[in-house]
Amino acid sequence: MARATAARRRALALLGECRRRGAHARDLLRASDALDELSERDRGLVTRLVLGVTAAAGELDRVVDSHLRRGARLEPRVRDALRLSSFELLYLGHRADACVSQGVELVRGVAPRAAGLANAVLRRVATEDVPVLAAARTSVETGSFDAADLARVGALPEWLAERALASLGPARAASWALRALEPAGAWVVANRVRLSSGEASALLENAGCAPEPGPLPGSFRLGTPAALAPSGLVERADVLPCDLAAQEVALACAPAPGERALEVGSGRGTKTLLLEGAAVAAGGPCEIVAVEADARRSERAAARMEAAGAAAHVCCVAADARSLDATLGIFDLAFVDAPCTGTGTLARHPEIAWSLEPGAPGELAALQLELLSSAASRVGEGGRLVYATCSVLAQENDDVVRAFLASPAGVGFELVGAGLTEDRPDADTHFCARLRRR
């Protein structure tokens, strides 16, 4: 009888902890001291399993439940184990006999009486569902697919696959779904407020992060991302963890030296520093008012500006951006980084797909339009208005921009350009629309 491997037992324990605590998988992985006891290869497997099972949870449940008697209920720990082994069979392509054997032992370890059930279910997953998924993947890769194929390949809710297909078109929707379960790239960017790209590269190299220069100014892909956390570079704000798509959006609306910029939805201040750094790199600082609805988050962003050397030119304000105070003044640039479904960041945030309800995009679109209209009121003549999301859905992107331009708040604005960020295999997808007041 083969015992379940240490990596799979650790992955199962973390999945159970995620379920019980309602925690984010990446947060638990970062905080898990038990991973230090594993080899680098096993740590990689644990990470892949925990993030993958979390991202595919709803589809894995559909597959497992299809092989149970109607009305049958699984003990939560048994379901965790069956999800894990089904994910290996379906999405990692591991040997069927090994996956079934290991899955049975995982179930035996938490509920010995359910070992026979696990064996039966996993064997049916291997013989029935694996071929169906392979056929769906072939259809998606060759371009002759429907939303059901897209949902199966990306382990997505079918309603979300349908809307993504309508929003993106077949080619880009296929790329989006095929990347949904792939590991996200480890991207960072230099804090250009005080460091050149060369200086940041040297710091990353000395920390053992194996940086590779990216396609955008100051961007790096880390060959050894695990070395970043103990280096202190993030705490000192020498480099900023930031996906390439987010960097691309910030560069698309970078303020010029001396300009006044309003940022709506500043969050932790990452894009704030990207905006300020772009101005400094162009010749001198700009003045930014960074508005964030969450007061605690705004306080943390202010502390981060201090650590990053940007506090003299960035004012962090806690306020509801749907109603901006006129005392803030008029700006050359207003950048709305709108709250959204996050459907362009599925690989980075595995909880998103199965936590969304079909009504969420419409509810968010109403808020997004309010924020865009409010920010527009603070833009001076000839000034720029930039609207961005990390969603792939037209309902939150082009539709919001069209509604704004057709509204009283949009009178006097013209659309300069709009679209999704470049389709890269290891990066998120963001939307950005640039407008100008005539």
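Excluded from the calculations below are hydrogen atoms, water molecules and symmetry mates; all remaining heavy atoms, backbone and side chain alike, are included.
Sequence neighbours left out, the pairs with a member in residues 404-438 that pass ring pair (Phe, Tyr, Trp, His ring centres under 6.0 Å) are Phe404-Phe413. For residues 274-292, the pairs satisfying side chain to side chain donor-acceptor pair (under 3.5 Å) are Glu287-His313, with sequence neighbours left out.
With sequence neighbours excluded, no residue forms a salt bridge (Lys or Arg N to Asp or Glu O under 4.0 Å) with Glu299. Under the side-chain contact (heavy atoms from CB on, under 4.5 Å) criterion, Asp129 pairs with Val63, His67, Leu90, Val125, not counting sequence neighbours. Scanning for side-chain contact (heavy atoms from CB on, under 4.5 Å) contacts around Pro183 gives Arg48, with sequence neighbours left out. Every residue was checked against the salt bridge (Lys or Arg N to Asp or Glu O under 4.0 Å) condition with Glu162, not counting sequence neighbours, and none meets it. Under the side-chain contact (heavy atoms from CB on, under 4.5 Å) criterion, Thr327 pairs with Asp325, sequence neighbours left out. Under the side-chain contact (heavy atoms from CB on, under 4.5 Å) criterion, Arg163 pairs with Trp159, Pro358, Pro361, Leu393, Gln395, not counting sequence neighbours. Annotation: salt bridge (Lys or Arg N to Asp or Glu O under 4.0 Å) contacts of Glu259 (sequence neighbours excluded): Arg384. Shown here are the ring-ring contact (aromatic ring centres under 6.0 Å, His included) partners of Tyr387, two or more places apart in sequence or in another chain: there are none. Partners of Arg79 under the salt bridge (Lys or Arg N to Asp or Glu O under 4.0 Å) rule, at least two apart in sequence or in another chain, are Asp61, Asp65.
With values rounded to the nearest 0.5 angstrom, His94 atom NE2 is found 11.0 Å from Ser85 atom OG. Separating the CG atom in Asp428 from the CG atom in Leu346 is a distance of 9.0 Å, to the nearest 0.5 Å. Distance check: Met305 CE to Ile288 CD1 gives 8.0 Å after rounding to the nearest 0.5 Å. Rounding to the nearest 0.5 angstrom, the gap separating the CG atom in Asp426 from the CZ atom in Arg424 is 9.0 Å.
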Query - Derivation of the side chain to side chain donor-acceptor pair (under 3.5 Å) call for Arg8 and Thr5 - result: CA-CA 5 Å; Arg8 290 178 176 85; Thr5 64; 3.1 Å; yes
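Heavy-atom minimum distance, Arg268 versus Arg304: O-NH1, 3.1 Å.
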Let me have the donor-acceptor pairs involving side chains of residues 30-40, under 3.5 Å, with sequence neighbours excluded, atom names and distances please.
| unit_1 | atom_1 | unit_2 | atom_2 | d |
| --- | --- | --- | --- | --- |
| Arg30 | NH1 | Asp27 | OD1 | 3.2 |
| Ser39 | OG | Asp42 | N | 3.2 |

